[in-house]
**Q** 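For reference, the structure I am asking about is given below.
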Amino acid sequence: QVQLVESGGGSVQAGGSLRLSCAASGYTYSSYCMGWFRQAPGKEREGVAAIDSDGNTSYADSVKGRFTISQDNAKNTLYLQMNSLKPEDTAMYYCAASTLVGTVAAGTPYVYEYNYWGQGTQVTVSS
């Protein structure tokens with residue numbers, strides 16, 4: 001049974017940094033594409049970043065140059081380093097795994113491509 005558990009969220013002032021983690025279990029971690037998504041109140045869930053087993057990455061335009069996705073296959077853990085945070089980054093952040101896509105394509109990852117989800121971790125950025 002696939003399990004994804006996020007951690008590392010919190011409250012930070014604009015310009016600050018946070019690192020999110022996602023501990024994965026129940027499957028061969030390195031064989032799946034992994035992604036980070038976020039959902040702000042009243043808005044649809046949107047893709048933030050993704051990474052595949054070859055280490056290819058993709059980012060939403062809104063976070064390019066500020067966020068970095070990475071993974072430690074030995075620890076079955078996905079990370080999202082978020083720097084230069086802005087109030088508009090405030091959202092619930094979700095980790096997701098995909099058995100539907102094998103490689104990451106350039107651009108924003110799509111929600112419909114991911115079929116396993118964590119419970120989310122809240123990130124709040126104040127101005």
**Q** Do the ring centers of Tyr32 and Tyr27 come within less than 6.0 Å of each other?
**A** yes
**Q** According to a hydrophobic-cluster definition based on side-chain heavy atoms being under 4.5 Å apart (Ile, Leu, Val, Met, Phe, Trp, Tyr only), do Leu4 and Val104 belong together?
**A** no
**Q** Could you report the tightest heavy-atom contact between Gly47 and Ala60, atom names first, then the distance?
**A** O-CB, 3.5 Å
**Q** With distance as the sole criterion, is a donor-acceptor pair present between the side chains of Asn83 and Ser17 under 3.5 Å?
**A** yes
**Q** Please tell me if the side chains of Arg38 and Lys43 come closer than 4.5 Å, counting only heavy atoms from C-beta onward.
**A** no
**Q** Determine whether the aromatic ring centres of Phe37 and Tyr114 lie less than 6.0 Å apart.
**A** yes
**Q** Closest heavy-atom contact between Cys95 and Met34?
**A** SG-CE, 3.8 Å
**Q** Is there a path of hydrophobic side-chain contacts, each under 4.5 Å between heavy atoms of I/L/V/M/F/W/Y residues, joining Leu20 to Ile51?
**A** yes
**Q** Show the numbers, then the answer: is there a salt bridge (Lys or Arg N to Asp or Glu O under 4.0 Å) between Asp61 and Lys64?
**A** CA-CA 5 Å; Asp61 287 343; Lys64 276 182 184 176; 3.2 Å; yes
**Q** Has Thr121 got a side-chain atom pairing as donor or acceptor with Gly9's backbone, closer than 3.5 angstrom?
**A** yes
**Q** When hydrophobic residues are tied together by side-chain contacts of less than 4.5 Å, even through go-betweens, does Leu78 share a cluster with Leu18?
**A** yes
**Q** Check for me, please, whether Val63 and Ile69 land in the same ILVMFWY cluster - side-chain distances under 4.5 Å, paths through other members count.
**A** yes
**Q** Say you draw a straight line from OG of Ser53 to CG of Asn73; how long is it, rounded to the nearest 0.5 Å?
**A** 8.5 Å
**Q** Going by heavy atoms in the side chains, are Ser70 and Gln81 under 4.5 Å from each other?
**A** no
**Q** Decide yes or no on side chain to side chain contact (heavy atoms under 4.5 Å, CB included) for Tyr93 and Met82, but give the supporting numbers first.
**A** CA-CA 12 Å; Tyr93 282 71; Met82 305 186 295; 3.9 Å; yes
**Q** Do Val125 and Gln13 make a side-chain contact, defined as non-hydrogen atoms from C-beta onward lying under 4.5 Å apart?
**A** no
**Q** Could you state whether Trp36 and Val12 fall into the same hydrophobic cluster, counting links through intermediate Ile, Leu, Val, Met, Phe, Trp or Tyr residues with side-chain heavy atoms under 4.5 angstrom apart?
**A** yes
**Q** So which heavy atom on Pro87 is nearest to which on Ser127, and how close?
**A** CG-CB, 3.9 Å
**Q** Roughly how far, to the nearest 0.5 Å, is CD of Gln39 from CD of Glu44?
**A** 8.5 Å
**Q** Checking Thr99 against Asn115 for the side-chain hydrogen bond (donor to acceptor under 3.5 Å, both in side chains) test, could you report, in this order, the C-alpha distance in whole Å, the side-chain angles of both residues, the deciding distance, and whether it holds?
**A** CA-CA 7 Å; Thr99 62; Asn115 47 339; 2.6 Å; yes
**Q** For residues Glu6 and Gln119, determine if any side-chain heavy atom of one lies less than 4.5 Å from a side-chain heavy atom of the other.
**A** yes
**Q** Nearest 0.5 Å, what's the OG-OH distance between Ser98 and Tyr112?
**A** 10.5 Å
**Q** Can you list every pair that meets disulfide (SG to SG under 2.5 Å) and has a residue in residues 41-87, with sequence neighbours left out?
**A** none
**Q** With distance as the sole test, does Gln71 use its side chain to make a donor-acceptor pair with the main-chain N or O of Asp52 at under 3.5 Å?
**A** yes
